[in-house]
Amino acid sequence: MHLKKHLIFIFAIVCVLGAIYFYALSDMFHPKQIASYENFTEMSEEFDATQEIAAAEKKYQSQLKPAGVIKGSGKVAINVIALTFDGMDSRGNMDAVLKIITDHKWHATFFVEGVNAARNATVIKNLQEEEQLIGNYSFVGISKAERMEPEALLEQFCRTQKILKILTGSEPKLFRLHDTRYLDHLLRSARACGLENAVESDTSVYVRRLADAEVMEKFISGIKPGMIVSIQMSRPVLIKFSPKKGPDKPAIDKKPTIQDKNTVQVKEVPTVEIVKTLCEKIKARGFTVVTVNMLAKLAADPETVNKNGDVVTSGKKENNN
């Protein structure tokens with residue numbers, strides 16, 4: 001009888017310990033935190049950019065010239081476009097998208113958030129190994145960034161620059177921000193962080209919207225040679241602004257009740273399948289995809305194209321510069 005009680009007691013202890021262990025590890029009870037503007041997700045000391053931010057603040061105050069803006073060009077002599085992927089999706093989806101691009105023997109431009117790059121270092125290294133161009137999409141993927149103060153912009157850019165330099169060995173020279181006007185103070189902030197050019201796309205769409213066949217066809221039909229075509233892989237962080245009462249910084253609006261009025265309710269189609277279909281349709285129209293840097297070269301120097309209409313490169317690996 002005593003043995004039975006002891007066994008029941010031991011079994012109860014094991015159950016309690018098991019429940020505690022499950023609670024400690026399960027995402028069910030510990031949902032992922034949303035990145036905050038004032039208190040960014042904790043990064044390792046390796047990614048600390050305090051010194052870089054301080055140096056960038058001094059450069060900004062020195063009245064240095066602003067970063068340039070790269071736009072699409074109708075001067076390209078062949079059926080070539082630059083395709084950008086803005087923001088990072090899950091690791092599995094990003095790896096699959098990379099394979100689609102490389103299977104077509106294309107080189108695209110991937111603008112990544114610093115916080116997601118740090119969490120998915122393998123994705124960044126894979127992009128680099130496959131000679132894709134990597135750009136700065138700010139630390140958390142902000143939109144309407146022209147409303148932000150230089151101090152906040154420097155932090156967004158510098159944190160991402162530091163992370164990508166550690167992961168790839170060099171800092172990006174290009175950046176892109178969603179739904180943002182590239183005003184002087186923003187371009188000067190970017191230059192202070194080592195970014196030379198902003199990228200302004202000719203057409204942009206959230207990837208999930210392309211699940212609708214009509215939206216897909218309309219989007220494809222609008223693509224012309226020389227365009228910069230951007231696919232949003234993640235939703236940008238919404239910044240909530242209020243009239244200034246002092247030096248307070250804008251806070252991220254994290255209210256789950258806010259709905260995007262532009263969102264189209266479409267059937268569930270895997271993101272990878274959407275990108276695959278998009279790329280097949282782009283190829284069917286005879287387009288070749290190159291990086292933003294290469295598109296700019298083609299517009300400036302038509303001799304980059306040989307007699308067969310193929311893009312001529314040096315054969316050397318294209319880095320993030």
Side-chain angles (χ1 to χ4, degrees), residues 49 51-73 75 82-87 108-115 117 124 132-204 226-230 232 236-237 239 250 290-301 318-321:
Q51 294 182 356
E52 288 79 3
I53 294 171
E57 288 176 347
K58 291 182 179 179
K59 289 181 180 179
Y60 181 85
Q61 296 300 330
S62 68
Q63 300 296 318
L64 77 170
K65 66 177 183 179
V69 180
I70 295 178
K71 302 180 180 181
S73 173
K75 298 179 180 178
L83 184 62
T84 82
F85 291 93
D86 302 345
T109 306
F110 290 78
F111 290 99
V112 300
E113 308 97 332
V115 65
I124 302 302
Q132 307 300 312
L133 187 61
I134 300 173
N136 189 319
Y137 199 53
S138 78
F139 187 69
V140 294
I142 52 179
S143 63
K144 299 188 182 301
E146 76 277 3
R147 300 183 184 181
M148 299 176 70
E149 297 296 329
E151 180 186 56
L153 291 167
L154 293 173
E155 189 171 2
Q156 286 280 328
F157 288 138
C158 278
R159 284 178 177 268
T160 304
Q161 291 291 84
K162 179 68 176 284
I163 291 168
L164 292 178
K165 182 177 182 180
I166 290 174
L167 297 181
T168 68
S170 62
E171 292 183 339
K173 300 301 181 185
L174 299 180
F175 76 97
R176 175 171 159 71
L177 298 172
H178 176 70
D179 192 20
T180 291
R181 292 182 296 156
Y182 296 130
L183 302 184
D184 183 74
H185 79 283
L186 188 151
L187 294 174
R188 285 178 52 223
S189 298
R191 176 74 74 172
C193 298
L195 293 159
E196 295 179 355
N197 290 292
V199 174
E200 185 174 301
S201 65
D202 296 286
T203 182
S204 175
M227 277 189 171
I228 297 177
V229 179
S230 297
Q232 300 165 35
V237 171
I239 308 294
V290 298
T291 65
V292 169
N293 283 348
M294 180 54 69
L295 186 68
K297 287 182 180 179
L298 288 170
D301 182 12
E318 183 174 3
N319 59 30
N320 292 344
N321 298 328

Which residues pass the side-chain hydrogen bond (donor to acceptor under 3.5 Å, both in side chains) test with S73, sequence neighbours left out? none
Residue pair G72 / D202: nearest heavy atoms and the distance that separates them: CA-OD2, 3.3 Å
Heavy atoms, side chains only, cut-off 4.5 Å: are L177 and S143 in contact? no
Side-chain contact, heavy-atom cut-off 4.5 Å: E146 with L183? yes
Any sub-3.5 Å donor-acceptor pair from S201's side-chain atoms to I228's backbone N or O? no
Any donor-acceptor pair under 3.5 Å linking the side chain of T180 with the backbone of A145? yes
Answer yes or no: is there a side-chain heavy-atom contact under 4.5 Å between I142 and V140? yes
Report the distance from atom CD1 of I124 to atom CG of L167, rounding to the nearest 0.5 Å. 6.5 Å
Quick test of your reading: applying ring-ring contact (aromatic ring centres under 6.0 Å, His included), list the pairs with at least one residue in residues 176-201, sequence neighbours left out, ordered by first then second residue. F175-Y182
Quick one: CD1 on I70 to CD on E196, what's the gap to the nearest 0.5 Å? 9.0 Å
K71: side chain to side chain contact (heavy atoms under 4.5 Å, CB included) partners, not counting sequence neighbours: V69, E200
Just how far is it from atom NZ of K59 to atom OG of S189, taken to the nearest 0.5 Å? 13.0 Å
Hey, could you give me the CG/CG distance between L154 and L186, rounded to the nearest 0.5 Å? 10.0 Å
Report the residues that fulfil salt bridge (charged side-chain N to carboxylate O under 4.0 Å, His left out) with E52, sequence neighbours left out, ordered by chain and then residue number. K162
Would you kindly check if the NZ (Lys) or CZ (Arg) of R176 is within the cone defined by 45 degrees around the ring axis of Y137 and under 6.0 Å from the six-membered ring centre? no
Main-chain N/O of V229 paired with T203 side-chain donor or acceptor, under 3.5 Å: no
What's the shortest heavy-atom distance between L195 and L174, and which atoms? CD2-O, 3.6 Å
For the residue pair Q232 and S204, confirm or rule out a side-chain donor-acceptor distance under 3.5 Å. yes
T84: partners by side-chain hydrogen bond (donor to acceptor under 3.5 Å, both in side chains), with sequence neighbours left out: D86, S230
Roughly how far, to the nearest 0.5 Å, is CZ of F139 from OG1 of T160? 6.5 Å
Of the non-hydrogen atoms in P150 and Y60, which two are nearest, and what is the gap between them? CG-OH, 3.3 Å
Taking all non-hydrogen atoms of both residues, which atom of L295 and which atom of G226 are closest, and how far apart? CD2-O, 3.4 Å
Just how far is it from atom CD1 of I163 to atom CD of E113, taken to the nearest 0.5 Å? 10.5 Å
Identify the two heavy atoms, one from A56 and one from A192, that lie closest to each other, and give their separation to 0.1 Å. O-CB, 3.4 Å
Mind checking side-chain hydrogen bond (donor to acceptor under 3.5 Å, both in side chains) for Q161 and listing every partner two or more places apart, or none if nothing turns up? N136
Taking the side chain as every heavy atom from C-beta outward, state whether M294 and T291 have any pair of such atoms under 4.5 Å apart. yes
Can you give me the closest heavy-atom contact between A67 and A190, atom names plus distance? CB-CB, 4.4 Å
Can you check whether P66 reaches R191 side chain to side chain, under 4.5 Å on heavy atoms? no
